[in-house]
There are 2 protein chains.
Amino acid sequence: MVTIKDVAREAGVSVATVSRVLNGSGPVSAQTGERIREVAGRLRYVPHGGARSLITRKTHTLGVLLPDLYGEFFSEVIRGMDDTAQRQGFHLLISRAHADKHGIETAMRAMRGRVDGVVAMSPDLDAESLLNVPSMLPVVVLCSAPRGDSADCLTIDNYAGSKAMVGHLISLGHKRIAIITGAARNYDAAERMRGYRSALRQAAIAADGALAVQGGFTESGGYAAALQLLAVTPRPTAIFAANDSMAIGALSALRESGVRVPEDMAIAGFDDIPLARYMDPPLSTVRVPTYELGARAVEILLHGIRNQNHHARHRERVSTELVVRRSCGAVPGRSPQR
Amino acid sequence: MVTIKDVAREAGVSVATVSRVLNGSGPVSAQTGERIREVAGRLRYVPHGGARSLITRKTHTLGVLLPDLYGEFFSEVIRGMDDTAQRQGFHLLISRAHADKHGIETAMRAMRGRVDGVVAMSPDLDAESLLNVPSMLPVVVLCSAPRGDSADCLTIDNYAGSKAMVGHLISLGHKRIAIITGAARNYDAAERMRGYRSALRQAAIAADGALAVQGGFTESGGYAAALQLLAVTPRPTAIFAANDSMAIGALSALRESGVRVPEDMAIAGFDDIPLARYMDPPLSTVRVPTYELGARAVEILLHGIRNQNHHARHRERVSTELVVRRSCGAVPGRSPQR
DNA sequence: CTGGCGAATGTAATCGTTTACACAAGGGCC
DNA sequence: GGCCCTTGTGTAAACGATTACATTCGCCAG
């Protein structure tokens with residue numbers, strides 16, 4: 001590998017001059033600059049990022065800690081992060097960590113000296129340990145219960161979104177509304193459940209334990225949960241799935257059981273993944289600005305980095321939007337397929 | 001930030017001893033070791049990864065160059081990569097690059113000194129420039145036309161998969177088979193097209209230019225393409241979409257046009273994304289082992305790294321599998337929804 | 001008693017950069 | 001001519017680790 005020394009020797013100057021030319025710092029004669037640039041090009045010199053960041057104390061890299069990379073949701077979040085980071089000259093060091101204390105600590109250790117800051121997504125309710133990791137690094141905590149004030153914090157307004165959707169179902173006349181919940185001990189899942197309960201309470205509808213089934217955020221989980229809900233008597237008239245994947249699985253289960261949607265059963269999801277509108281019937285859902293979530297997280301992190309973490313802590317919540325399509329029965333639209 | 005020097009001073013030893021204790025290299029008395037470990041813990045010392053990799057010449061990080069992060073496909077590839085990398089103690093530095101020469105070069109420069117090797121996904125047919133980047137780094141090229149022998153190379157067997165699916169449609173009696181193609185100048189797209197043509201030729205069916213419409217790999221592209229195909233006379237009896245997203249978009253377009261699937265029109269996709277089986281009707285498709293693709297790419301790369309790139313070049317192709325569900329009409333199954 | 005060996009530890013070079021500081025040359029001004 | 005400023009360049013000290021080599025000490029064999 002060719003280093004700055006090789007370039008200096010070949011051009012007959014000192015390394016300092018080469019550095020000055022390549023970074024445009026300090027005065028260099030036009031002639032020397034030209035020669036050095038020529039030599040660097042000819043030798044195909046590429047600066048060693050690691051060495052450089054050791055002395056400059058900037059890595060221009062952001063660490064991203066994820067619980068699991070799964071489905072379109074994460075892919076969109078990462079896209080939002082990468083776009084924003086790249087626009088500011090930063091790269092992404094992505095690491096999946098087990099959500100437990102040990103996993104997070106290990107990941108954080110591995111990032112030391114490689115990143116300028118970290119976006120940590122840790123929806124696991126128990127994993128508050130994250131905040132105990134006392135690093136000087138700026139950290140943005142994503143989709144997690146906000147505690148402590150050592151880190152910035154960005155969440156989705158799950159509660160309001162969930163409440164709005166269930167409220168909408170109630171306004172359509174539904175009284176027995178089931179919920180397919182997300183992963184256990186997941187913050188987003190818990191908040192969506194809270195919104196569901198709150199909407200019911202507000203309409204003076206008594207909660208029925210049999211109408212809450214866990215689906216674990218996966219298609220197959222939603223499928224199984226829907227089958228289970230069909231067996232409940234009296235049967236619910238609407239199912240609110242805590243994400244679109246589960247709603248799609250449920251849709252498929254109902255179809256196979258000969259239950260018409262929305263005539264016999266209303267269905268709604270959460271997230272508004274791109275595929276939602278292409279379902280049959282198109283899926284009513286709560287839009288989560290996933291891309292913007294990632295983008296915003298990086299913006300907040302970069303702000304923290306620029307201020308060397310000496311800034312007032314952010315505590316932000318991105319809002320959701322009710323998306324009413326045919327699956328919940330509100331929009332008459334075309335009659336369902338023959 | 002606390003450094004190794006701080007630990008050494010506090011423990012009353014030299015940095016060398018601290019290093020020896022923490023890495024388990026060289027002999028240290030049990031007593032000294034104990035004290036140093038205690039001090040390191042108390043001071044919450046975390047080694048500086050950048051500094052360490054400068055001298056050891058190992059970063060334990062793999063660069064990943066992607067054309068775009070989009071949809072479930074990439075999310076699965078990354079998952080496969082990260083799992084495999086992490087199991088071997090490596091991290092992932094992910095970067096989206098514009099597929100053009102400049103974008104790739106910039107990204108490669110940024111990776112110098114930060115990674116031990118690179119997996120580059122560059123499906124753009126023109127971007128052969130990648131191979132011209134003369135770095136000593138081991139590189140695995142993913143889903144790209146194999147050229148040159150400076151890099152290992154891993155592709156999907158698009159040709160065989162596509163040919164198998166079209167052959168299957170032909171065996172069902174279809175003669176007018178349309179194709180919704182992927183992005184222009186995309187290697188995978190081109191190969192799938194080649195398989196389609198080959199299958200037709202083998203069945204002595206003349207190709208009809210009007211039956212090939214571009215869909216750009218997106219749901220909306222597939223939707224628009226399907227509408228366009230419905231207007232062709234004589235109308236095709238089957239549509240082969242070059243990926244599942246487009247097939248789902250097409251499915252939705254047909255539904256809205258009152259065309260029954262599979263009775264009036266057979267549909268097939270490519271990729272077998274998780275959602276495919278939950279469509280109505282469940283989507284026939286070609287399974288691509290996406291997770292394994294990412295996993296295998298990292299395995300090959302790690303092999304190259306261990307051999308310091310002095311190994312015979314790999315040229316591997318992961319095979320696909322025909323998945324027949326109801327959308328192509330081969331499986332009678334339950335009669336379509338009333 | 002001495003020489004050699006192994007264990008425990010310290011000293012200093014090294015990795016590839018950036019950058020503070022020193023230095024030399026040239027020019028303008030008094 | 002002496003002074004100061006500007007411009008161009010080099011020297012060497014960082015950055016935070018690892019590690020080859022040197023040193024010290026105790027012990028044991030000859």
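Small disclaimer: the values here were computed from a predicted structure and weren't measured. Every chain is numbered from 1, with letters handed out A, B, ... down the list of sequences.
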Between the first and last five pairs of the helix from dC1(C)-dG30(D) to dC30(C)-dG1(D), the angle of the axes, rounded to 10 degrees = 70°
Figure out the CZ/P separation between Arg57(A) and dT17(C), and round it to whole Å.
-> 18 Å
Measure the distance from NE2 on His60(B) to C1' on dT18(D) and round it to the nearest whole Å.
-> 13 Å
Does the side chain of Met81(A) reach to within under 4.5 Å of the side chain of Val119(A), using non-hydrogen atoms?
-> yes
What residue pairs, at least two apart or across chains, pass salt bridge (Lys or Arg N to Asp or Glu O under 4.0 Å) with a residue in residues 11-36 of chain A?
-> none
Value in whole Å for how far the C1' atom of dT9(D) lies from CD1 of Ile36(A) = 10 Å
Considering only nitrogen or oxygen atoms on both sides, find all protein atoms under 3.5 Å from nucleotides 4-6 of chain C and state each distance.
none

For Lys58(A) and dG16(C), give me the distance from atom NZ to atom C1', rounded to whole Å.
-> 19 Å
Quick one: are the ring centres of His91(B) and His60(B) less than 6.0 Å apart?
-> no
Below 4.5 Å, heavy atoms only, C-beta onward: do Leu93(A) and Thr61(B) meet side chain to side chain?
-> yes
Using atom CZ of Arg112(A) as one end and atom C1' of dG16(D) as the other, report the distance to the nearest whole Å.
-> 8 Å
Tell me which residues in residues 19-27 of chain A put a heavy atom below 4.0 Å from DNA chain D, sorted by number, or none.
-> Arg20(A), Pro27(A)
Counterpart residues, side-chain hydrogen bond (donor to acceptor under 3.5 Å, both in side chains), relative to Arg306(A) (two or more places apart) = Gln88(A)
Side chains of Ser53(B) and Thr56(B): is there a donor and an acceptor less than 3.5 Å apart?
-> no
Would you tell me if any nitrogen or oxygen in the side chain of Arg52(A) comes within less than 4.0 Å of OP1 or OP2 on dC15(D)?
-> no
Tell me which of Val13(B) and Thr56(B) sits closer to the 5' end of DNA chain C, going by the nucleotide each one is nearest to.
-> Val13(B)
Sequence neighbours excluded, every pair satisfying salt bridge (Lys or Arg N to Asp or Glu O under 4.0 Å) that has a member inside residues 46-66 of chain A | none
